[in-house]
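Here's the structure, in structure tokens; my notes come after.
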2 protein chains.
Amino acid sequence: MTGTLHQNDKHPFVRKIESIALFTLTDDERAALLALPLQMTQFEAYQDIVREGDRPARCFAVFEGIACTYKTTLGGKRQVMAYHVAGDIPDIQSLHLKVLDISIGTVGPCRVGFVQHDAVRALLRAFPRLDDVLWRATLIDAAMVREWMLNTGRRDAYARMAHLFCELVIRLGVVGLAPDRSCEMPMIQPELADALGITPVHVNRTIRDLKEAGLITLRSRRLIVHDWEGLKAAAEFDPAYLHLTDPDPA
Amino acid sequence: MTGTLHQNDKHPFVRKIESIALFTLTDDERAALLALPLQMTQFEAYQDIVREGDRPARCFAVFEGIACTYKTTLGGKRQVMAYHVAGDIPDIQSLHLKVLDISIGTVGPCRVGFVQHDAVRALLRAFPRLDDVLWRATLIDAAMVREWMLNTGRRDAYARMAHLFCELVIRLGVVGLAPDRSCEMPMIQPELADALGITPVHVNRTIRDLKEAGLITLRSRRLIVHDWEGLKAAAEFDPAYLHLTDPDPA
DNA sequence: CGGCATATTGAAAGGGTTCAAGGGGGGTGG
DNA sequence: CCACCCCCCTTGAACCCTTTCAATATGCCG
């Protein structure tokens, strides 16, 4: 996004940071980021990475696959409130808030890298400009939840679903995973139901409607958008809330 | 909350900060907070303080009354996603994100104090520990939105309404505005509808049900909780997400 | 070629909406 | 001090989006 292309830009960490920062990273800053000691871990589908109530001493970044933030009702009903793609650091908040108010789990298979809080704190002390970038990343995550809130509160199932697909295609596009507005989409229908606040059965019918409207194809975990403008219109989608430098990266 | 009682603790700013900080403020820190140059402004009910798309050069704190964060659909439907009470600083995010993705308006009459970003930045540079407090305040705001999201997505109107009342009573309790679990509640029914993602008519019927269950009284903008345990149970309310030091301050 | 998870569809029920009309309550002016 | 009026609240009835329950189909993997 910003700056010139070094080969290290392939690193999701750096890619994400550069897409958010309001300045170009110095070589030192980039090197320090890449030097963070990571404990890479592979998760299977539908495993929790961290859980509500945890008091983590580390946070993690997604390298491959998709994770989701969710909360559950005492009655066991689940609400997904964000998806996390390569480069995202979903629980930076644990740096400042001791106990987690959310759980983060995988959707499909997922590779993540854990970093000790101490290492992050040392990095931020050494490179204060990165602190601002983390702020921005966190605030953008919060903005996304707010847009989801508007979505669940004030749009019908059809528009909600369309909105989710729009966001996904855009965000995966940022990290190069949605060429031609088509992407891998590991979520099964009950999973989408939890994200949209509707039932699995209704997810099915809504997807059918979107297909019949000629907006998308969805088969074998692959989403293809046929009519981007139509999908955006159905969703009333405006990417402003994503705070992107390039609002249409696919 | 934390620390001993100085007379300055009456200042909502300080009160809120102390309820969030993990340490006791030094006299210098407290003095610096109180020395922030404020431009006090009185708003009437249903006015916007800031609007989506704005690029503010200042942020503001609520001193009296209640404000709310909301977004609107292109079709004009409104979703309220947070209420702000005395001591809250709803738009600190504008320090880091140039353009606002939300609007913040008043509910009843409301007195707020504006502070220039530069003044805040200078304060944080001089007292780095306060930076951590602001982080925590912001993250707690985000946690509240997530709980609201669970609420809207996965609970029925009855539980949602109960949950909102629980949160209000607790949060107003923190700043001393809900003795005996009773408080002023300036929101009219259509306003509550926008916060819960339902229609005004249904708000009315839901309030009636809560009254008939003997949980609350609500008349002339005054909410009285008769059966706190019952209300919490109806809402499945767990105050953990508020990250309070005292989880039951009313 | 099973077998199990996921997707699909039908029919009936329900929570919430919509439209429409009637009933307070409190502030203002006479 | 009372009357009037403007909001706001309250209630009824029909409708609709979404849920629920239940059954069938499809696809993938060993």
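Keep in mind the model is a prediction, meaning the values are calculated, not measured. Sequence lines set the chain letters: A, B, ... in the order given, protein chains first and strands last, and positions in each chain run from 1.
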Subject >> Side chain A:Arg155 and base D:dT18 donor-acceptor under 3.5 Å >> reply: no
**OP:** Give a yes/no answer on whether the side chain of B:Asn204 brings an N or O atom under 4.0 Å of OP1 or OP2 in D:dT10.
**Re:** yes
**OP:** Would you mind checking if A:Asp54 and A:Arg51 are paired as a salt bridge, meaning a charged N to carboxylate O distance below 4.0 Å?
**Re:** no
**OP:** Could you pick out which residue, A:Arg219 or A:Thr206, lies toward the 5' side of DNA chain D when each is mapped onto its nearest nucleotide?
**Re:** A:Thr206
Original post:
For B:Asp209 and C:dG15, what is the distance between atoms CG and C1' respectively, to the nearest whole Å?
Top reply: 12 Å
**OP:** Using only heavy-atom distances, decide whether a donor-acceptor pair under 3.5 angstrom links the side-chain of B:Arg205 to the base of C:dT18.
**Re:** yes
Original post:
In terms of side-chain heavy atoms of B:Val201, which of D:dG12, D:dC9, C:dA7 is nearest?
Top reply: D:dG12
Subject >> SB check A:Asp88 A:Arg171 (cutoff 4.0 Å) >> reply: yes
**OP:** Would you kindly say whether A:Tyr241 and A:Glu167 are connected by a side-chain donor-acceptor distance under 3.5 Å?
**Re:** yes
Original post:
If you find the nucleotide of DNA chain D closest to A:Asp156 and the one closest to A:Ser220, which residue's nucleotide is nearer the 5' end?
Top reply: A:Asp156
Original post:
Would you say A:Glu212 has more than 12 foreign heavy atoms packed within less than 6.0 Å of its CD?
Top reply: yes
Original post:
Within the structure shown, what part of the strands sits under 4.0 Å from A:Pro200 by heavy-atom distance: base, sugar-phosphate, or nothing?
Top reply: nothing
